[in-house]
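The next block holds one structure in the form of structure tokens; read it before the comments.
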Amino acid sequence: MASFTASSVSISSAFCSLKQNQVSNFRKASVSFSGKSFPSHRLPVLRFRVSCAAKPETVCKVVEIVKKQLALPDDRDVSGESKFSLLGADSLDTVEIVMGLEEEFGICVEEESAQSISTVQEAADLIEALLEKKC
């Protein structure tokens, strides 16, 4: 996740989006992708977050692993924003989820990184970052 306190933003990934959350004293935002500019818009709230989302297929795999590790029913709604704790995971469950992700994606997650994962999206983003470093 990127965090900033500036009056403009430059984003290079095609999968980026602006979300409400973590910047204060920000009145307007304009975004430019691949040389195309979008007009400034007044923000309805004073805080937002810039996040570069993982590929949808990575998020889907993470959702499958989380549902399996937590023995959730198939009809249980789990998305990128789903928090492990709200799905009923305790710290041991989270460790097992990370182990399942390591096995599925062939990665090694550092303990510090594993402790910072609290949502499906954060796990998917971390996986893609680790896979990118592998190449």
Give, for atom CD of Q121 and atom CD of E81, the distance between the pair rounded to the nearest 0.5 Å. 6.5 Å

Using a cut-off of 6.0 Å, state whether more than 12 heavy atoms not belonging to E57 lie near its atom CD. yes

Sequence-distant partners of E128, side-chain hydrogen bond (donor to acceptor under 3.5 Å, both in side chains), two or more places apart: T58

Distance-minimising heavy-atom pair for V62 and A123: CG1-CB, 4.0 Å

State which residues pass side-chain hydrogen bond (donor to acceptor under 3.5 Å, both in side chains) with E110; sequence neighbours excluded, sorted by chain then number. none

Taking distance alone, no hydrogens or angles, what donor-acceptor pairs closer than 3.5 Å link side-chain atoms of residues 88-108 to residues at least two apart or in another chain?
residue	atom	partner	partner atom	Å
D90	OD1	L92	N	3.1
D90	OD1	D93	N	2.8
D93	OD2	D90	N	3.1
T94	OG1	D90	O	3.1
E102	OE2	V109	N	2.8

Starting at CG of D125, measure out to OG1 of T119 and round the result to the nearest 0.5 Å. 7.5 Å

Rounded to the nearest 0.5 Å, the CG atom of D75 sits from the NZ atom of K67 at a distance of 7.5 Å

K68 meets the side chain to side chain contact (heavy atoms under 4.5 Å, CB included) criterion, sequence neighbours left out, with none

For S118, all residues meeting side-chain hydrogen bond (donor to acceptor under 3.5 Å, both in side chains), sequence neighbours excluded: E122

Could you report the tightest heavy-atom contact between S113 and L126, atom names first, then the distance? CB-CD2, 3.9 Å

Do you know which two heavy atoms are closest between L72 and L87, and how far apart they sit? CD2-O, 3.9 Å

F84 side chain near V120 side chain, heavy-atom distance below 4.5 Å: yes

